[in-house]
Amino acid sequence: MSNEKNLSIQSLARQNVRELTPYQSARRLGGNGDVWLNANEYPIAPQFELTAQTFNRYPECQPALVIERYAAYAGLENDQVLVSRGADEGIELLIRAFCEPGKDAILYCPPTYGMYSVSAETIGVEGRTVQAKEDWSLDLPAIEAALEGVKLVYVCSPNNPTGNLIDPAELRAVLEMTRGRAIVAIDEAYIEFCPQASVTGWLKEYPHLAILRTLSKAFALAGLRCGFTLANSELIALLMKVIAPYPLSTPVADIAAQALSDEGLAIMRARVAEIGETRAWLKQQLTRCDCVEQVFTSETNYVLARFTASSQVFKTLWDQGIILRDQNKQPGLSGCLRITVGTHEECRRVIAALQPLPGAGQTAASPDKNTAPSKEPM
């Protein structure tokens, strides 16, 4: 194709799409590793067998058994649950339903999940940011001051990539300041690792609350692409107006329903306990590595840590086939790498690769310290 024709195609595209930087997912970033700890996936594939064979028919828009089982799991009514192609589709549906392109804005608090901004920019909606405080708590006065024209506020708790829970009092404050003004979407993608922190019990109190969930993390089904939006029935009915007619394929609905059975939930909870034990071991070992400056508290299936010479650390592990997620470009996360909690053996390989690396003021030839520096979690 000639350059002239290429230019013609570019000129036909929407300006915001031409200028868009797409979300850099783990798969887009690539790598040739054998220890993949960059996408917060469960390291072992669960086993399922398809039971549905009606592939000649279009699937239900909202598969009844999936909705029924997820509602029971979340302690909600069926009409308070919407299932979609991952929580990412839920993020986009909320913007499409509530934000006028070129007029309204969404608000979110970096460092946080990148798809809020990408979805808004794709649709042509302003993405407004209020950076979190140094301890990653919400800057409530700044949020309130920035709400003019905002129709939708995203808060991730536990937050990705930092791993911390947002204080419930702060979440309530945001919900109170947005009454009658904006929808508040609380992203609970990692809530299975701290179920006591869920805000599903707040839905009766806050009609403008939406909660995002997924089967990608604790349910070990990232490849399934199945997520949920939880809200009051009026909000769910609006999302039903803008969702695709067949968001879930028949095999996805089949496996999702199995994962949400009593047996599936028991397996998920055992998996969460196992990850919690491995995470505790990984955090402890990280504090003993000279190249690690700080290990942060995590309520998720990953650990965020700050490193001396993090780019060198990242490349050293990359060259050994251990793929982490670099968070240096996120606001306030200079020197930080995110490590998914893999199998115990995978985490052992991470520590073995980190142990020889020097810390601040050391060189590679320096002798090991007898005592590791103090690295208290936040």
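The structure displayed is predicted, hence computed values, not measured ones.
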(message) Would you say the ring centers of Tyr190 and Tyr302 fall short of 6.0 Å from each other?
(response) yes
(request) Verify, without hydrogens or angle tests, whether Arg306 (side chain) and Ser334 (backbone) share a donor-acceptor contact under 3.5 angstrom. (result) yes
(request) Ignoring hydrogens and angles, tell me if any N or O in the side chain of Asp290 forms a donor-acceptor pair with the backbone of Pro358 under 3.5 Å. (result) no
(message) For Tyr154 and Tyr116, take the angle between the two ring planes, folded into 0 to 90°, and tell me which bin it lands in: parallel under 30, tilted 30 to 60, perpendicular over 60.
(response) parallel
(request) Kindly give the heavy-atom pair with the smallest separation between Thr308 and Gly359, and that separation in Å. (result) CG2-C, 3.9 Å
(request) Show your reasoning for whether salt bridge (Lys or Arg N to Asp or Glu O under 4.0 Å) applies to Arg349 and Glu346. (result) CA-CA 5 Å; Arg349 278 187 59 183; Glu346 287 174 336; over 6 Å; no
(request) Could you give me the CA-CA distance, side-chain angles and deciding distance for Thr300 and Asn160, then say whether side-chain contact (heavy atoms from CB on, under 4.5 Å) is met? (result) CA-CA 9 Å; Thr300 64; Asn160 178 15; over 6 Å; no
(request) Give the C-alpha distance, both sets of side-chain angles, the deciding distance and a yes or no for side-chain hydrogen bond (donor to acceptor under 3.5 Å, both in side chains) between Arg325 and Asn40. (result) CA-CA 10 Å; Arg325 189 64 179 251; Asn40 303 337; over 6 Å; no
(request) List for me each residue that meets side chain to side chain donor-acceptor pair (under 3.5 Å) alongside Ser310, sequence neighbours excluded, and say none if there are none. (result) Asn328
(message) Quick check: is Ile323 connected to Leu354 through a chain of hydrophobic side chains (ILVMFWY, heavy atoms under 4.5 Å apart)?
(response) yes
(request) List the atom of Leu248, the atom of Cys226, and the distance in Å for their closest heavy-atom pair. (result) CD2-SG, 4.0 Å
(request) Indicate the atoms forming the closest heavy-atom contact of Ala210 with Leu235, along with that distance. (result) CB-CD1, 4.4 Å
(message) Between Arg225 and Ser216, is the side-chain hydrogen bond (donor to acceptor under 3.5 Å, both in side chains) condition met? List the steps.
(response) CA-CA 7 Å; Arg225 307 311 302 131; Ser216 294; 3.2 Å; yes
(message) Treating Arg271 as the side-chain partner and Ala218 as the backbone partner, does any N or O pair qualify as donor plus acceptor under 3.5 Å?
(response) yes
(request) Spell out, yes or no, whether Leu37 and Val272 are grouped together once hydrophobic residues are joined by side-chain heavy atoms under 4.5 Å, including indirect joins. (result) yes
(request) With sequence neighbours excluded, give me every salt bridge (Lys or Arg N to Asp or Glu O under 4.0 Å) pair touching residues 182-204. (result) Glu188-Arg213
(request) Consider only side-chain heavy atoms of I, L, V, M, F, W and Y, link residues closer than 4.5 Å, and tell whether Val83 and Ile191 are in one cluster. (result) no
(request) Salt-bridge test for Glu345 and Arg348: reply yes if a basic N is under 4.0 Å from a carboxylate O, no otherwise. (result) yes
(request) Using the test side chain to side chain donor-acceptor pair (under 3.5 Å), find all partners of Gln62 that sit at least two apart in sequence or belong to another chain. (result) none
(message) Quick check: closest heavy atoms across Leu93 and Ile243, and the distance to 0.1 Å?
(response) CD2-CA, 3.6 Å
(message) Once you measure the plane-to-plane angle for Phe219 and Tyr73, does it fall in the parallel (<30°), tilted (30-60°) or perpendicular (>60°) bin?
(response) perpendicular
(message) So if I apply the side-chain contact (heavy atoms from CB on, under 4.5 Å) rule between Leu212 and each of Ile186, Leu230, Leu94, which one comes out positive?
(response) Leu94
(message) Please say yes or no: joined through hydrophobic side-chain contacts below 4.5 Å, possibly via intermediate residues, are Val341 and Trp36 part of one cluster?
(response) yes
(message) Side-chain heavy atoms nearer than 4.5 Å, only ILVMFWY residues, links allowed to pass through others: does that put Met240 and Ile183 together?
(response) yes
(message) To check you understand the geometry: which heavy-atom pair defines the closest contact between Val130 and Ala146, and what is its length?
(response) CG2-CB, 3.9 Å
(request) For residues 240-250, pull every pair meeting side chain to side chain donor-acceptor pair (under 3.5 Å), keeping only residues two or more places apart or in separate chains. (result) none
(message) If I compare all heavy atoms of Tyr206 with all of Asn232, which pair ends up nearest, and what's the gap?
(response) O-ND2, 3.4 Å
(message) Between Gln330 and Pro111 (side chain of the first, backbone of the second, donor and acceptor by atom type, cut-off under 3.5 Å), is there such a pair?
(response) no
(message) Under a plain distance cut-off of 3.5 Å, with no hydrogens placed, do Thr112 and Asn159 share a side-chain donor-acceptor pair?
(response) yes
(message) For Glu205, give me all partners under side chain to side chain donor-acceptor pair (under 3.5 Å), at least two apart in sequence or on another chain.
(response) Arg172
(message) Checking the side chain of Ser119 only, and the main-chain atoms of Met115 only, is there a donor and an acceptor separated by less than 3.5 Å?
(response) yes
(request) Take Asp88 and Tyr113, measure what side-chain contact (heavy atoms from CB on, under 4.5 Å) needs, and give me the verdict at the end. (result) CA-CA 10 Å; Asp88 287 338; Tyr113 184 43; 2.6 Å; yes
(message) For Thr200, give me all partners under side chain to side chain donor-acceptor pair (under 3.5 Å), at least two apart in sequence or on another chain.
(response) Ser198
